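Below you'll find the structure, written out as structure tokens, and then a few comments.
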Amino acid sequence: MPHLIIEYACDIDPPITKTLQALHQTLSASELFDEADIKIRAQPYTEYLVGGHKANRFVHLTVLLLDGRSDAVKSHLGKALRETVKQNLGNIGNAQITVEVRDMARATYIK
């Protein structure tokens, strides 16, 4: 745990794949997780609209955590991940970068 799912416009430049290691480091540096338990995957989209226009790009992070962490901890983690994307992608123009941190029920998460 955690699972980090990155959804993004396929024409983001530089490619988001170069940002994966930096996101892993941000999660690891939070000291909330064992490094071996961090799972990151990325899904590019060729068909999308943001604000009704394809010219507007996006990066959306979904972070899935086992329940029990405070809203303050989840907010801090989300902000750190968003900042990591901003720093590693540089000036991506009119792209929207969003993060959602979700709880997963410990009672039903099976590993």
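None of the values given here were measured: they were computed from a predicted structure. The figures that follow rest on heavy atoms only: side chains count, while hydrogens, waters and symmetry mates do not. Position 1 is the first residue of the sequence; numbering continues from there.
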Is there side-chain contact between [X] and [Y], with at least one heavy-atom pair below 4.5 Å?
X      : Y     : value
Asp103 : Lys74 : yes
Leu27  : Leu81 : yes
Ile6   : Leu20 : yes
Leu65  : Leu32 : no
Glu7   : Thr62 : yes
Ile38  : Ser28 : yes
Leu64  : Pro2  : no

Tell me, please, which residues at least two apart from [X] pass salt bridge (Lys or Arg N to Asp or Glu O under 4.0 Å).
X      : value
Arg41  : none
Asp34  : none
Arg102 : Glu100

Problem set entry | Minimum heavy-atom distance between Leu77 and Ser30, given as atom pair plus value |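 So the minimum-distance heavy-atom pair works out to CD1-CB, 4.1 Å.
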Problem set entry | Shortest non-hydrogen separation from Val59 to Val85 and the atoms involved | CG1-CG1, 4.1 Å
For this session: Please list, chain by chain and in numerical order, all residues satisfying side-chain contact (heavy atoms from CB on, under 4.5 Å) with Glu83, sequence neighbours excluded.
Result: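 So Glu83 forms a side-chain contact (heavy atoms from CB on, under 4.5 Å) with Lys86, Gln87.
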Problem set entry | Pairing residues for Ala22 by the side-chain contact (heavy atoms from CB on, under 4.5 Å) criterion, not counting sequence neighbours |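 Partners of Ala22 by the side-chain contact (heavy atoms from CB on, under 4.5 Å) criterion, ordered by chain and then number, come out as Thr84, Asn88.
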Approximate separation, where rounding is to 0.5 Å, of [X] [atom1] and [Y] [atom2]:
X     : Y     : atom1 : atom2 : result
Arg69 : Asp67 : CZ    : CG    : 9.5 Å
Met1  : Lys39 : CE    : NZ    : 5.5 Å
Ile12 : Thr17 : CD1   : OG1   : 11.5 Å

Problem set entry | More than 12 heavy atoms of other groups within 6.0 Å of Lys79 NZ | no
Consider only side-chain heavy atoms of I, L, V, M, F, W and Y, link residues closer than 4.5 Å, and tell whether [X] and [Y] are in one cluster.
X      : Y      : value
Ile16  : Ile5   : no
Ile97  : Leu61  : yes
Val101 : Met104 : no

Exercise. Can you list every pair that meets ring pair (Phe, Tyr, Trp, His ring centres under 6.0 Å) and has a residue in residues 13-52, with sequence neighbours left out?
Worked result: Tyr48-Phe58
